[in-house]
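Have a look at the structure below, then the notes.
Throughout, residue positions are numbered sequentially from 1 according to the sequence presented.
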Amino acid sequence: MKILVCISNVPDTTTKITFSADGKAFNTAGVQFVINPYDEYALTRAIELKEAQGGSVTVLNVGEADTEPNIRKALAIGADDAIRVNLKPTDAFLVSQQIAHYAQEGGYDLILMGRESIDYNGFQVHGMVGELLGIPTIAPAIKLDVNGSTATLEREIEGGKEIIEASLPLVVSAQQPMAEPRIPNMRGIMTARTKPLKVVEPVGQEAKTSVQNYELPPAKSGVKMIPAESAGDLIKLLRNEAKVL
């Protein structure tokens, strides 16, 4: 079984977010980037399937050269090889085009990725990839098992859980608790240095959207303390200022 895992490069969750003076770009100065946490669930489950059933795991990243340390981390965790599409990921459709092209070229049985990236939280790429390839997409899944050419998945739905069976090839987006993310060990880190990392040029480049500007949320206002005996004042504030009543 050939598995393709798509990973994205995102700011660490502890990063303080700032933007350029004109508000048109994210300020990357001093920012630590990590593998998107949702993608780590997909990567770990792919490696577990490979260990149990055989096959190979390829990681694919759409990004520029500065993403390679995290690609190498994915190789250290257990992926066999990697592809980096040399393109800045500015648009969900543009990224989906690249993934679909190289997924089709590689003839993968299973395409895994996180439910969304934690920077833009778009929840778009998996569906676009499935549509471009003309194969089913299951999103988001919390469990994934494969038996032959059939995948069994579990999804959370309102009021319960849903069990789905689908034939490969298939696109799946992952969320917790699909797998417990792994930390690379020393042997993995050493072998990752020699695993293949192929850099390829982008195709299509048909971005459908562009960012006009970024804005930080309004600063939080101060806390107003209301004496216990002034419940009427509290109700007025909730109704007139907070507008929650």
Between [X] and [Y], is any pair of side-chain heavy atoms under 4.5 Å apart?
X: Val5; Y: Thr58; result: no
X: Cys6; Y: Ile99; result: yes
X: Pro181; Y: Tyr41; result: yes
X: Leu87; Y: Leu94; result: yes
X: Pro11; Y: Phe26; result: yes
X: Leu110; Y: Leu168; result: yes
X: Leu49; Y: Leu144; result: yes
X: Ile71; Y: Leu197; result: yes

Exam field: side chain [X] to backbone [Y], donor-acceptor pair closer than 3.5 Å:
X: Gln98; Y: Val203; result: yes
X: Thr67; Y: Gly63; result: no
X: Ser230; Y: Ile226; result: no
X: Asn36; Y: Val10; result: no
X: Asp12; Y: Phe33; result: no

For side chain to side chain contact (heavy atoms under 4.5 Å, CB included), just list the numbers for Glu162 and Leu153, CA-CA rounded to whole Å, side-chain angles, deciding distance to a tenth of an Å, and then say yes or no. CA-CA 8 Å; Glu162 179 181 54; Leu153 306 102; over 6 Å; no
If I compare all heavy atoms of [X] with all of [Y], which pair ends up nearest, and what's the gap?
X: Gly130; Y: Thr137; answer: CA-OG1, 3.3 Å
X: Leu237; Y: Lys224; answer: CD2-NZ, 4.1 Å
X: Ser96; Y: Met128; answer: OG-CB, 3.3 Å
X: Pro202; Y: Asn86; answer: CD-O, 3.6 Å
X: Ala42; Y: Leu112; answer: O-CD1, 3.6 Å
X: Leu170; Y: Pro136; answer: CD1-O, 3.4 Å

Gap separating the [atom1] atom of [X] from the [atom2] atom of [Y], nearest 0.5 angstrom:
X: Asn9; Y: Thr28; atom1: CG; atom2: OG1; result: 11.0 Å
X: Asn27; Y: Lys16; atom1: CG; atom2: NZ; result: 11.0 Å
X: Gln124; Y: Ser173; atom1: CD; atom2: OG; result: 12.5 Å
X: Leu234; Y: Met225; atom1: CG; atom2: CE; result: 11.0 Å
X: Leu75; Y: Asn70; atom1: CG; atom2: CG; result: 11.0 Å

More than 12 heavy atoms of other residues, nucleotides or ligands under 6.0 Å from CD of Glu215: is that the case?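 Check fails, neighbour count at 12 or below.
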Is there a path of hydrophobic side-chain contacts, each under 4.5 Å between heavy atoms of I/L/V/M/F/W/Y residues, joining [Y] to [X]?
X: Ile7; Y: Val129; answer: no
X: Ile17; Y: Tyr120; answer: yes
X: Val95; Y: Leu60; answer: yes

What verdict does the side chain to side chain contact (heavy atoms under 4.5 Å, CB included) test give for Ile135 and Val171, after you've listed the backbone C-alpha separation in whole Å, the side-chain angles of each residue and the deciding distance to 0.1 Å? CA-CA 7 Å; Ile135 60 177; Val171 178; 3.7 Å; yes
Residue pairs, two or more places apart or on separate chains, that pass side-chain hydrogen bond (donor to acceptor under 3.5 Å, both in side chains) and touch residues 100-111: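 As it turns out, there is no side-chain hydrogen bond (donor to acceptor under 3.5 Å, both in side chains) pair with a partner in residues 100-111 once direct neighbours are skipped.
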According to side-chain hydrogen bond (donor to acceptor under 3.5 Å, both in side chains), does anything in residues 141-151 pair up with another residue at least two apart or in another chain? List the pairs.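 Listed once each, the pairs are Arg45-Asp145.
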Quick one: salt bridge (Lys or Arg N to Asp or Glu O under 4.0 Å) pairs with a partner in [range], sequence neighbours left out?
range: residues 180-196; answer: Glu51-Arg182
range: residues 79-93; answer: Lys50-Asp80, Glu68-Arg84
range: residues 112-139; answer: none

Which residues pass the side-chain contact (heavy atoms from CB on, under 4.5 Å) test with Val244, sequence neighbours left out?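 Expected list: Leu238, Ala242.
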Which residues pass the side-chain contact (heavy atoms from CB on, under 4.5 Å) test with Gln212, sequence neighbours left out?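 Here the qualifying residues are Ser210.
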How would you list, by chain and number, every residue that makes a ring pair (Phe, Tyr, Trp, His ring centres under 6.0 Å) with [X], sequence neighbours excluded?
X: Tyr214; answer: Phe19
X: Phe93; answer: none
X: Phe123; answer: His126

Intermediate values then yes/no, side chain to side chain contact (heavy atoms under 4.5 Å, CB included), Leu43 and Ile77: CA-CA 9 Å; Leu43 174 62; Ile77 290 171; 4.0 Å; yes
Can you spot which of Val172, Ile3, Leu133 makes a side chain to side chain contact (heavy atoms under 4.5 Å, CB included) with Ile111?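 One option only clears the test, and that one is Leu133.
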Of Gln176, Gln175, Met178, which is the lone residue that meets side chain to side chain contact (heavy atoms under 4.5 Å, CB included) with Ile142?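 Result for side chain to side chain contact (heavy atoms under 4.5 Å, CB included) with Ile142: Gln175.
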Testing the 3.5 Å rule here: is there a donor-acceptor pair between the side chains of Ser8 and Asp39?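 Yes.
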For Ile183, the rest of its hydrophobic cluster, which grows through side-chain links under 4.5 angstrom: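 In the cluster with Ile183 there is nothing else; it is isolated.
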Ile35 vs Lys73, test: side chain to side chain contact (heavy atoms under 4.5 Å, CB included). Steps then yes/no. CA-CA 8 Å; Ile35 299 174; Lys73 180 182 176 182; 4.0 Å; yes
Less than 4.0 Å between a side-chain N and a carboxylate O, is that true for Lys161 and Glu154?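 Salt bridge present between Glu154 and Lys161.
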Keeping to residues at least two apart or across chains, list the ring pair (Phe, Tyr, Trp, His ring centres under 6.0 Å) pairs with something in residues 216-245.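 Every pair satisfying ring pair (Phe, Tyr, Trp, His ring centres under 6.0 Å) with a residue in residues 216-245: there are none.
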